[in-house]
Amino acid sequence: MPFLGKDWRSPGWNWTKTEQGWKRIFIYGHDNKREIDLEELSTEDKENLFVGDICELASTKKKKDLYNSSTKSQFAFREKWIYVLRGSTKERHGYSTLGEALNRLDFSSAINDLRRFTYVAKLFQIIAKSELPSLSGAAQKNYFNILEKIVQKVLEDQYNPGLIRELLKNLSSTLQNLMIHAGRCVLVGNINIWLCRQETILKWQQQLNNLQIPKQMYSGMSFDDLPLHMQIKIFFKLSDAHDIINLGQATATLQALSEDRMVWKKLCYFHFTDKECPNNLVITKSDNVDWKLMYFTLQKHYPIKEQYGDTLYYCKHCHILFWKDRHLTLLFKDWGHPCTAINPDNCLISISPQHFINLFKF
């Protein structure tokens with residue numbers, strides 16, 4: 001019967017049959033397809049048999065270390081999916097970690113997609129608040145490299161700078177607490193590296209604070225040219241209270257629309273259930289419900305509904321976490337991972353940033 005390695009999906013090890021029994025073939029710097037004849041080990045010049053290969057392997061390792069120490073891209077992998085291992089089985093041993101997922105999933109490319117940008121930024125914000133010490137050294141380095149790309153994208157495209165400012169503020173506060181209160185033992189690497197990272201975060205914060213969004217010069221129809229009933233419909237589509245407030249600061253007309261009771265009523269019922277809203281009614285002097293004040297009151301007691309253009313997905317059948325390409329799914333029925341389920345659609349779960357963190361808590 002064939003011998004299976006730690007993972008039955010892998011090709012396994014190379015073995016050969018000898019008079020003493022089966023022995024594993026060790027390959028030094030060779031391709032897996034090239035096997036070593038064990039008879040060569042009995043030759044007189046066996047001391048110099050693998051000198052060239054070992055030197056080549058050492059040279060390759062040196063180049064890899066140099067790349068990993070100087071690169072600003074993702075550490076080692078750029079994969080669309082990973083297997084989430086939550087326990088030991090006969091075929092697999094060990095557990096998947098948050099750092100491994102951060103290293104292997106292609107977050108570097110995800111931030112270039114506007115549908116995934118907010119999702120990745122929110123995930124990095126949660127990691128900055130509580131999960132940074134749980135990352136390995138490679139994952140921490142990867143985290144800061146991707147974070148630098150996020151900051152550069154915001155500086156170039158002026159896209160959602162407020163979210164990244166909040167992320168950097170949380171990260172700076174966490175690092176300060178870890179270095180002063182929790183002690184240096186929880187941080188992986190030299191303390192000077194973390195001091196340098198703190199300085200880099202401060203520099204990013206200054207760049208974002210000095211960010212000036214240029215005025216768009218457009219000769220066509222503007223938002224103000226739309227009829228009022230269309231403008232109010234656009235307000236109804238907004239799911240973020242800060243977007244409604246910021247849009248209302250543009251003109252006096254938009255200011256009046258941003259205070260409309262129906263806008264805030266729809267926002268309340270979008271984020272909160274029917275049972276939560278009546279229990280926290282805020283009544284004004286004219287016996288009307290102040291839906292705007294009610295929204296911010298409810299926000300203190302209940303979590304708001306998170307909305308993202310695109311998220312990571314988890315397959316319950318295959319236990320695989322992956323990025324789903326909607327175009328490939330529609331055209332070629334490609335589900336983003338090698339799924340073996342009869343009906344893959346019924347096995348997919350959209351993963352929120354907090355759910356992503358919870359997948360790797362045991």
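All values below were derived from every heavy atom in this structure, side-chain atoms included, with hydrogens, water molecules and symmetry-related copies excluded.
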*Sub-3.5 Å donor-acceptor pair from the side chain of N142 to the main-chain atoms of A138, do we have one?*
no
*Using modelled atom types only, decide if a donor and an acceptor are shared between the side chain of Q299 and the backbone of I304 within a distance under 3.5 Å.*
no
*Tell me, do L178 and P133 make a side-chain contact under 4.5 Å, heavy atoms counted?*
yes
*asked:* Between W194 and L102, is there shared hydrophobic-cluster membership here, with clusters defined by ILVMFWY side-chain heavy atoms closer than 4.5 Å?
replied: yes
*Could you walk me through whether L163 and Q125 pass the side-chain contact (heavy atoms from CB on, under 4.5 Å) check?*
CA-CA 9 Å; L163 177 61; Q125 186 176 15; 3.8 Å; yes
*Going only through I, L, V, M, F, W and Y residues with side-chain contacts under 4.5 Å, is there a path from I234 to M262?*
yes
*Under a 4.5 Å side-chain heavy-atom rule over Ile, Leu, Val, Met, Phe, Trp and Tyr, are L202 and L147 clustered together?*
no
_Has Y119 got a side-chain atom pairing as donor or acceptor with G309's backbone, closer than 3.5 angstrom?_
no
*Spacing of CD1 belonging to I127 relative to CD belonging to Q140, to within rounding of 0.5 Å*: 10.5 Å
*Can you tell me how far CG of L312 sits from NZ of K324, rounded to the nearest 0.5 angstrom?*
12.5 Å
*asked:* Between H271 and S239 (side chain of the first, backbone of the second, donor and acceptor by atom type, cut-off under 3.5 Å), is there such a pair?
replied: yes
_Is the ring pair F296/W264 parallel, tilted or perpendicular, if the boundaries are 30 and 60 degrees?_
tilted
_Rounded at 0.5 Å granularity, tell me how far CZ in F235 sits from CG in L267._
12.0 Å
*asked:* Measuring from atom CZ of R115 to atom CG of N112, what distance do you get when rounded to the nearest 0.5 angstrom?
replied: 12.5 Å
*E131 side-chain N/O to A128 backbone N/O, donor-acceptor pair under 3.5 Å*: no
*Give the C-alpha distance, both sets of side-chain angles, the deciding distance and a yes or no for side-chain contact (heavy atoms from CB on, under 4.5 Å) between W204 and L171.*
CA-CA 12 Å; W204 291 339; L171 181 58; 5.6 Å; no
*Side chains of I82 and L105 in contact at under 4.5 Å (non-hydrogen atoms)*: yes
*Let me know which of V154, L114, I150 forms a side chain to side chain contact (heavy atoms under 4.5 Å, CB included) with Y159.*
L114
*Please lay out, stage by stage, how N209 and R165 fare under the test side-chain contact (heavy atoms from CB on, under 4.5 Å).*
CA-CA 8 Å; N209 290 332; R165 288 194 192 100; 3.7 Å; yes
*If every non-hydrogen atom of F360 is compared with every non-hydrogen atom of A101, which pair is closest and at what distance?*
CZ-CB, 3.4 Å
*asked:* Could you measure the distance from the OG atom of S258 to the CD1 atom of I232? Nearest 0.5 Å is fine.
replied: 9.0 Å
_Single-linkage hydrophobic cluster, 4.5 Å side-chain cutoff, I191 and Y143 together_ = yes
*Looking at D224 and Q231, what are the two nearest heavy atoms and their distance?*
O-NE2, 3.5 Å
*Linked, directly or transitively: L228 and L238 (ILVMFWY side chains, under 4.5 Å)*: yes
*Provide the closest heavy-atom pair for P353 versus I126 in the form atom of the first, atom of the second, distance.*
CB-CD1, 3.7 Å
*Can you check whether Y314 reaches H355 side chain to side chain, under 4.5 Å on heavy atoms?*
no
*Evaluate the side-chain proximity of Y313 to L321: yes if any heavy-atom separation is below 4.5 Å, no if none is.*
no
*For V120 and W323, work out which heavy atoms get closest and say how close.*
CG2-CH2, 4.2 Å
*For the ring pair Y269 and W291, is the centre-to-centre distance below 6.0 Å?*
yes
*Are side-chain N/O atoms of N170 and E166 paired as donor and acceptor at under 3.5 Å?*
no
*Please confirm whether the backbone N or O of K169 pairs with a side-chain atom of S173, one donor and one acceptor, at under 3.5 Å?*
no
*Which heavy atom in P161 sits nearest to a heavy atom in L211, and how many Å separate them?*
CB-CD2, 4.0 Å
*Find the distance between CZ (F124) and CZ (F144) and round it off to the nearest 0.5 Å.*
10.0 Å
*With a 4.5 Å heavy-atom cut-off, do Q354 and N358 have their side chains touching?*
yes
_So which atom in S172 and which in Q198 form the shortest heavy-atom distance, rounded to 0.1 Å?_
O-NE2, 4.1 Å
*Any donor and acceptor pair, going by atom type alone, linking the side chain of K305 with main-chain N or O of F270 inside 3.5 Å?*
yes
*So among N160, I111, L123, which one has a side chain to side chain contact (heavy atoms under 4.5 Å, CB included) with T118?*
N160
